[in-house]
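Worksheet: one structure, shown below.
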Amino acid sequence: YSTFPLSPKWKKEDVTYRILNYTPDMLQADVEEAIAKAFQLWSSVTPLRFTRVYSDQADIMISFASGFHGDFYPFDGPGGTLAHAYPPGSNIGGDAHFDEDETWTKFTTYNGYNLFLVAAHELGHSLGLGHSNVLGALMYPIYMARETRDYKLPQDDIDGIQALYGRPKESPALPTKAFPPQEPTEMTPAETTTEMPPREEPTETTPSNTPVRPQDCDPHLNFDAITTLRGETLFFKGSYVWRKSPYFSDIEHDTISSFWPSLVAGFDAAYEVDKRDRVLFFKDNHYWAVRGYSIEPGFPKPIQNLGFPTSVRKIDAAVHDENTKKTYFFVGNKYWSFNENTQSMERGYPRKIAADFHGIGHTVDAALQKNGLFYFFHGANQYEVDIKSKKLIRKMKSNSWFNC
Amino acid sequence: FPVLPEKEKEEMQFAKKYLENFYGFKEEKSSLLKWKNLNPMADKIREMQSFFGLEVTGELNHKTLAMMKQPRCGMPDIRS
């Protein structure tokens with residue numbers, strides 16, 4: 001952990017806070033709950049008590065703003081900087097600002113930043129903590145989506161805040177007090193936001209049951225999805241990525257979150273339209289577009305946007321043919337052809353896979369185009385196909401790309 | 001990932017801004033100072049790589065750039 005130079009801290013135990021305005025991304029009650037919960041995290045490990053006030057100057061003033069917003073640190077639009085806060089002191093000291101150009105949410109899914117997690121981090125600054133270089137610490141500078149139910153403050157953050165304020169006096173600190181609810185005097189009326197219907201939270205695998213990465217040359221190795229990306233080839237399974245590149249000889253082992261932290265693990269399909277430097281990832285009935293490390297704004301989108309009927313709830317595999325500008329989507333024993341130029345599904349589809357791809361008599365887990373040939377993966381095997389003659393050339397192990 | 005050629009300069013600009021915001025990087029204006037410290041940006045890149053536990057090379061490689069592009073808090077990482 002770290003503190004600010006000269007370790008500024010509040011010289012009292014009763015600290016006030018005030019919520020100046022709201023984000024239209026969330027219900028106001030959810031904003032208030034997220035912030036109260038964030039204060040509770042810090043009061044539970046220190047003698048500090050936080051009280052919400054509704055008018056005049058509070059020690060910690062909380063607001064949402066975008067771009068230039070009256071201090072010397074303008075926000076930067078979606079992504080990048082999410083929020084900032086000032087160390088304890090008068091006036092702007094202690095204040096926390098949240099970038100309204102972000103999408104704020106009470107969930108820990110991929111469409112938005114969890115306000116409780118970001119607020120808890122920023123309030124750490126408002127109390128006098130600087131950044132920690134301990135990966136996993138709350139005061140680590142980079143946003144990491146994580147389970148927030150029963151969120152426990154990591155030890156590094158407890159050590160840091162107790163170095164400033166000591167331990168709580170009595171049994172776990174009093175819950176954050178609020179004055180008896182009164183009509184707050186000023187509210188920037190945020191348009192009522194219809195809260196996103198709660199999506200089933202992706203089952204977060206806790207570290208204890210995180211599946212282990214299979215060995216590169218495991219003869220049973222199979223993949224969820226495969227795509228090219230700027231001349232490289234990425235193989236996905238669960239949260240793991242195998243990266244094969246012409247720029248370095250060995251296979252690089254990564255995780256999805258190391259490239260795209262806000263994407264969940266377990267893709268169903270992926271493909272690149274390399275004339276557009278764009279890769280699409282599919283999971284359940286949604287898809288994302290990425291350009292390098294950046295997720296294009298406005299995603300995820302429902303796969304029905306591509307022309308799938310609502311009866312299709314997920315796809316098995318996808319591959320783009322650079323020669324014909326068509327993308328093939330595989331679902332069960334059928335496949336669709338999507339015209340990337342017109343951005344629409346072609347007529348006469350779906351068709352049976354077996355009818356057009358001789359030798360591919362089963363479902364397809366993943367698909368790849370490399371050097372003009374197509375590779376269809378099914379379990380631990382892959383089938384090399386010449387798409388022009390639609391002839392099966394040979395069958396190999398799925399991991400034959402890993403120089404086994 | 002390989003950087004598309006025309007993006008190279010853009011990435012360098014982005015990295016400079018990042019190091020200014022979070023690591024107190026200041027581009028040397030006077031040529032004398034520039035001569036003294038050939039590449040002040042490399043020092044700041046090393047400082048950032050060390051903070052995040054990356055391999056400390058002083059070069060703006062893809063992992064370093066990827067780390068810079070992660071959504072984050074707007075406060076500096078070094079005490080300033």
message = Please classify the contact between A/I295 and chain B as side chain, backbone, both or neither, with a heavy-atom cut-off of under 4.5 Å.
response = neither
inquiry  = Pairing donors with acceptors under 3.5 angstrom, does anything connect the side chains of A/E272 and A/T227?
reply    = no
key: Ionic contact status for B/R72 with B/D77, cut-off 4.0 Å   = yes
request  = Under 4.5 Å heavy-atom distance to chain B, tell me which part of A/Y140 shows up: side chain, backbone, both or neither.
outcome  = side chain
key: Distance-only donor-acceptor check, side chains A/K370 and A/T233, under 3.5 Å   = yes
Portion of A/S245 that has a non-hydrogen atom of chain B nearer than 4.5 angstrom = neither
ask   = Can you say whether B/M67 sits under 4.5 Å from chain A via the side chain, the backbone, both, or neither, judging by heavy atoms?
value = both
task = Could you look at A/E122 and say if it's the side chain, the backbone, both or neither that has a heavy atom under 4.5 Å from chain B?
result = side chain
ask   = By a 4.5 Å heavy-atom criterion (distance strictly below it), what part of B/Y18 contacts chain A: side chain, backbone, both, or neither?
value = neither
remark   = Of the listed B/K69, B/M75, B/Q70, the one with the largest count of heavy-atom pairs under 4.5 Å with chain A is B/M75
key: A/D25 and A/T103 side chains, donor-acceptor separation under 3.5 Å   = no
task = In plain terms, say whether B/K63 and A/D254 are close enough for a salt bridge, that is, a side-chain N and a carboxylate O under 4.0 Å apart.
result = yes
query = Do the non-hydrogen side-chain atoms of A/Y271 and A/L368 ever get within less than 4.5 Å of each other?
reply = no
